[in-house]
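A quick write-up on the structure given underneath.
Order of the sequence lines fixes the chain letters, A, B, ..., with proteins taken first and strands second; residue numbering starts at 1 for each chain. Source: prediction; values computed, not measured.
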There are 2 protein chains.
Amino acid sequence: MKHVFITRDGSLKARWQDALPDAIGVTSGQAITRSEPEDVVWITTTVDDWREQTTAISRQGVSVVVMSYAPNDREALLALELGARGYTHTFSAPEVLKQIALVVTHQGVWVGQSLLSRVLTGSVQALQQRTSDEITRQGLQTLATLTERERAVALAVARGAANKEVARELTITERTVKAHLSAIFKKLAVRDRLQLILKLSSDAEKRLS
Amino acid sequence: MKHVFITRDGSLKARWQDALPDAIGVTSGQAITRSEPEDVVWITTTVDDWREQTTAISRQGVSVVVMSYAPNDREALLALELGARGYTHTFSAPEVLKQIALVVTHQGVWVGQSLLSRVLTGSVQALQQRTSDEITRQGLQTLATLTERERAVALAVARGAANKEVARELTITERTVKAHLSAIFKKLAVRDRLQLILKLSSDAEKRLS
DNA sequence: TCCTTTACTGTCCTTCAGTACAATAGGGAG
DNA sequence: CTCCCTATTGTACTGAAGGACAGTAAAGGA
């Protein structure tokens with residue numbers, strides 16, 4: 001079992017070797033021939049054909065972890081859809097890399113704390129809209145100070161939903177949505193929904209780093 | 001670190017103890033008081049309030065694995081959405097249970113071989129439908145299609161500024177700001193400033209990668 | 001020169017967001 | 001059994017947002 005790092009020039013970053021002493025670096029062209037079913041292949045999104053590589057390698061039963069310089073949930077989704085079992089920041093600490101290696105070699109999936117919930121929340125909302133109260137679960141610290149219902153409203157608004165839409169979604173009147181919003185604005189010290197969106201999305205970004 | 005199994009009657013199955021000798025069994029009522037951040041809580045879907053328990057316990061930072069007698073991807077999604085980090089069959093082999101324990105205690109997610117692809121595919125489709133125009137059409141060039149002034153207005157609005165503030169900032173009237181905004185909405189195919197903010201911030205993420 | 005684009009401004013109108021007054025009901029703490 | 005918190009809904013009001021009509025002025029290419 002070995003760790004194969006695919007980079008643009010086949011070079012290895014020091015922290016990767018810190019975490020995984022038996023790591024080897026290759027370029028995109030060499031990748032397929034150098035990896036076996038037991039291995040873990042790490043690939044950065046700076047590699048032009050990382051999508052194709054991820055698909056091809058994961059199809060052979062090899063665990064693939066995609067590393068990005070600027071992780072975001074859309075790219076994470078894409079990576080997972082292509083067959084990757086992990087998605088993380090290129091500059092993740094050695095301890096984190098070790099952890100990821102451990103997880104993916106044991107049939108686990110590693111997508112980072114916040115990404116998971118965001119990714120899944122999206123799908124659940126689409127697949128079964130009726131569970132809307134439960135959409136509010138973990139979270140952003142900001143949301144922690146809110147009540148269950150307030151959180152549900154806040155998250156809906158953060159998606160860009162209008163009061164009327166939120167009302168329909170939570171099966172309450174528009175007036176109630178306004179009531180919750182007033183409470184939310186007060187608690188989070190924001191003046192309107194615009195600032196709320198900005199606050200929530202900036203907090204979400206912080207969690208990625 | 002210990003393994004807490006929540007079952008209807010608080011009893012433990014033999015294979016659970018085979019896999020995890022330090023396992024303890026509790027009933028739903030005792031669950032919260034008996035689990036600490038380092039623990040792994042295993043809960044079967046035969047427990048009436050497994051959804052609420054999963055939500056509550058995972059919120060405290062405890063890893064929760066949901067076990068079902070008849071696993072299916074819909075329930076898996078629900079479990080993950082509620083905050084569970086694992087989802088498997090109640091009668092999983094001891095080796096599998098060990099593996100799951102290892103994965104979830106290292107910040108991984110375990111949803112089983114077959115479920116993984118289906119679950120993720122579902123979520124990918126759901127998310128991409130919602131954001132398909134952004135990804136395909138405009139992409140990174142969102143702001144590039146705008147004129148100088150429109151860009152200035154768009155950026156100010158993306159910061160959460162009101163029309164009046166933008167007007168003062170650019171030394172123009174509020175009416176002109178509205179005119180620019182109308183053009184922006186049309187060009188970028190968004191309905192209002194809320195969606196504009198969401199669009200710009202999502203594109204900003206992509207530009208970084 | 002003519003036409004197009006861009007920037008800027010005006011008034012009128014509709015809809016939405018948010019607040020200011022409320023009120024009612026249930027659950028939990030003391 | 002109160003007091004407090006939460007969830008819910010009501011009416012009325014102010015102000016902002018955005019569209020529907022406009023219009024003028026400058027710049028640049030055909």
### Task
Output yes when a side-chain donor or acceptor of B/Glu165 lies under 3.5 Å from a complementary backbone atom of B/Ala162, and no otherwise.
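A pair under 3.5 Å: yes.
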### Side chain B/Arg8, main chain B/Thr46, donor-acceptor under 3.5 Å
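Yes, because the side chain of B/Arg8 sits within donor-acceptor range (under 3.5 Å) of the backbone of B/Thr46.
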### Query
Within the pair B/Thr176 and C/dA7, is there a side-chain N or O less than 4.0 Å away from OP1 or OP2?
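Negative; the distance criterion is not met.
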### Query
Which angle, to the nearest 10 degrees, lies between the helix axes at the two ends of the helix from C/dT1-D/dA30 to C/dG30-D/dC1, each defined by five pairs?
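About 40° separates the two local helix axes.
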### Separation of C/dC16 C1' from B/Gln195 CD (nearest whole Å)
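Computing the B/Gln195:CD to C/dC16:C1' distance gives 14 Å.
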### Task
If a protein heavy atom is under 4.0 Å from the base, mark B; if only from the sugar-phosphate, S; if neither, -; do that for nucleotides 17-30 of chain C going 5' to 3'.
BBBBB---------
### Query
Do A/Glu169 and A/Lys164 meet the salt-bridge criterion of a basic N to acidic O distance under 4.0 Å?
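No, this pair does not count.
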### Query
Is the shortest side-chain N to carboxylate O distance from B/Lys186 to B/Glu150 below 4.0 Å?
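Looking at B/Glu150 together with B/Lys186, the answer is no, because their closest N to O distance does not fall below 4.0 Å.
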### Query
What residues, two or more places apart in sequence or in another chain, satisfy side-chain contact (heavy atoms from CB on, under 4.5 Å) together with B/Ala23?
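In terms of side-chain contact (heavy atoms from CB on, under 4.5 Å), with neighbours along the sequence ignored, B/Ala23 is linked to B/His3, B/Phe5, B/Leu12, B/Leu20.
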### Query
Are a donor atom and an acceptor atom from the side chains of A/Arg193 and A/Asn163 found within less than 3.5 Å of each other?
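Side chains of A/Arg193 and A/Asn163: pair found under 3.5 Å.
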### Message
So B/Thr173, base contact, sugar-phosphate only, or nothing? Heavy-atom distance under 4.0 Å.
### Response
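Counting heavy atoms under 4.0 Å across all strands, the contact made by B/Thr173 is with sugar-phosphate only.
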#### Entry: A/Glu174: partners by salt bridge (charged side-chain N to carboxylate O under 4.0 Å, His left out), with sequence neighbours left out
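Counting only residues at least two positions away or on another chain, A/Glu174 forms no salt bridge (charged side-chain N to carboxylate O under 4.0 Å, His left out).
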### Message
Using every non-hydrogen atom in the two residues, find where B/Ala84 and B/Val66 come nearest and quote the distance to one decimal.
### Response
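Heavy atoms only, the tightest pair is CB-CG2, 3.8 Å.
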### Message
Which residues pass the ring-ring contact (aromatic ring centres under 6.0 Å, His included) test with B/Trp50, not counting sequence neighbours?
### Response
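B/Trp50 satisfies ring-ring contact (aromatic ring centres under 6.0 Å, His included) with no other residue.
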#### Entry: Identified side-chain contact (heavy atoms from CB on, under 4.5 Å) partner of B/Ile6 from the options B/Ile43, B/Asp49, B/Val64, B/Thr27
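The side-chain contact (heavy atoms from CB on, under 4.5 Å) with B/Ile6 is passed solely by B/Ile43 among B/Ile43, B/Asp49, B/Val64, B/Thr27.
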### Outermost DNA chain D nucleotides near chain A [under 4.0 Å, heavy atoms]
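The protein-touched segment is D/dT6 to D/dT11.
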